[in-house]
S.K.: 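The structure's right below; bear with me while I get my questions together.
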Amino acid sequence: MKRSSAPMPRPHPPFKPCPCGSGRSYAACCGPHHSGEQDAPTPEALMRSRYSAYALADADYLRRTWHPDTCPPDLDLNDGTRYTGLKIHRAEGDEVEFTATLKAPGGQTHRMRERSRFVRLGEGWVYLDAAPE
């Protein structure tokens, strides 16, 4: 059996609110996407599940949902950054504009705003890149 070199993601109880801030439980929101039980049906659902994957340090899921042409060779999700909020501003077609709020290891809060582009690859959606400003 092939083992992943990425550390195991942090566990998240299925009945607790989803890290993506949807207001639904993890089991009814991003959990089924992370487990591979179902693909994210829309770019917004994929964006939310990828945010949750960052929050839970699930590098395997991020790689599975990243276009192979733009996926970075290294993902360090265990640097002490905490993901504290996600706000979706607009989800239209294959783009999702959002702001993610992060707390750096030193305690500083950062907000990252991005307009992400997604494409269909096979049967599912994958993250392509950040749209140019």
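This one's a predicted model, so the numbers in the text were calculated from it and none came from an experiment. Every heavy atom of this structure was used, including side-chain atoms; hydrogens, water molecules and symmetry mates were not.
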S.K.: I need the Ile88 CD1 to Phe98 CZ distance, nearest 0.5 Å.
M.R.: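 Between Ile88 CD1 and Phe98 CZ, I get 7.5 Å after rounding to 0.5 Å.
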S.K.: Which heavy atom in Pro105 sits nearest to a heavy atom in Asp79, and how many Å separate them?
M.R.: CG-O, 3.1 Å
S.K.: Under the 3.5 angstrom rule, does the side chain of His12 hit a backbone N or O of Ala27 as a donor-acceptor pair?
M.R.: no
S.K.: Strictly distance-based, threshold 3.5 Å: is any side-chain N or O of Arg115 a donor or acceptor partner for the main-chain N or O of Pro132?
M.R.: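 Answer holds: yes.
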S.K.: Quick one: closest heavy-atom pair of His34 and Ser52, and the distance?
M.R.: CE1-CB, 3.6 Å
S.K.: Any chain of hydrophobic side-chain contacts (each under 4.5 Å) joining Leu75 to Leu102?
M.R.: yes
S.K.: Rounded to the nearest 0.5 Å, what's the gap from NE2 on His110 to OG1 on Thr99? Could you check?
M.R.: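 Taking NE2 in His110 and OG1 in Thr99, the distance rounds to 14.5 Å.
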S.K.: Apply side chain to side chain donor-acceptor pair (under 3.5 Å) to the pair Glu114 and Ser116, showing each step before the final yes or no.
M.R.: CA-CA 6 Å; Glu114 181 178 297; Ser116 295; 2.5 Å; yes
S.K.: Using every non-hydrogen atom in the two residues, find where Pro68 and Leu121 come nearest and quote the distance to one decimal.
M.R.: CD-CD2, 3.7 Å
S.K.: Sub-3.5 Å donor-acceptor pair from the side chain of Thr84 to the main-chain atoms of Thr101, do we have one?
M.R.: yes
S.K.: Are any side-chain N or O atoms of Arg48 and backbone N or O atoms of Cys30, one a donor and one an acceptor, separated by less than 3.5 Å?
M.R.: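 A pair under 3.5 Å: no.
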S.K.: Applying the 4.5 Å side-chain criterion to the ILVMFWY set and letting contacts propagate, would Trp125 and Tyr61 be lumped into a single cluster?
M.R.: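 Looking at the clustering, Tyr61 is in the same group as Trp125.
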S.K.: So, the side chain of His33 versus the backbone of Leu46: is there a donor-acceptor pair under 3.5 Å, distance only?
M.R.: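 No, because the side chain of His33 does not come within donor-acceptor range (under 3.5 Å) of the backbone of Leu46.
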S.K.: If we only count heavy atoms from C-beta on, is the Leu56 to Pro19 side-chain gap below 4.5 Å?
M.R.: yes
S.K.: Within the distance-only criterion (no hydrogens, no angle test), does the side chain of Thr70 pair as donor or acceptor with the backbone N or O of Leu128 below 3.5 angstrom?
M.R.: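 Between the backbone of Leu128 and the side chain of Thr70 there is a qualifying donor-acceptor contact (under 3.5 Å).
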S.K.: Let me confirm one number: the SG-OH distance from Cys20 to Tyr54, rounded to the nearest 0.5 Å.
M.R.: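 Between atom SG of Cys20 and atom OH of Tyr54 there are 15.5 Å.
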S.K.: Rounded to the nearest 0.5 Å, what separates atom CG in Asp39 from atom CZ in Arg120?
M.R.: 8.0 Å
S.K.: Where the side chain of Tyr51 meets the backbone of Gly85, is there a donor-acceptor pair that is under 3.5 Å apart?
M.R.: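 At least one qualifying donor-acceptor pair exists.
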S.K.: Could you check Glu97 against Glu92 for side-chain contact (heavy atoms from CB on, under 4.5 Å), going step by step and ending with a plain yes or no?
M.R.: CA-CA 9 Å; Glu97 188 173 349; Glu92 193 173 289; over 6 Å; no
S.K.: Looking only at heavy atoms, what is the nearest atom pair of Pro43 and Asp94, with distance?
M.R.: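 Scanning both residues completely, I find the closest heavy atoms to be CG-CA, 4.1 Å.
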S.K.: For Asn78, is there any backbone N or O sitting under 3.5 Å from a side-chain donor or acceptor partner on Asp76?
M.R.: yes
S.K.: Which pair of non-hydrogen atoms, one from Arg24 and one from Cys29, has the smallest distance, and what is that distance?
M.R.: NH2-SG, 3.3 Å
S.K.: CE/Met47 to OH/Tyr127 distance, rounded to the nearest 0.5 angstrom?
M.R.: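 Met47 CE to Tyr127 OH: 8.5 Å, rounded to 0.5 Å.
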S.K.: Do side-chain atoms of Arg63 reach the backbone of Pro73 as a donor and acceptor pair under 3.5 angstrom?
M.R.: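 Present.
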S.K.: Check the hydrophobic clustering (I, L, V, M, F, W, Y; side-chain heavy atoms under 4.5 Å; chains of links allowed) and say if Leu86 and Leu62 are grouped together.
M.R.: yes
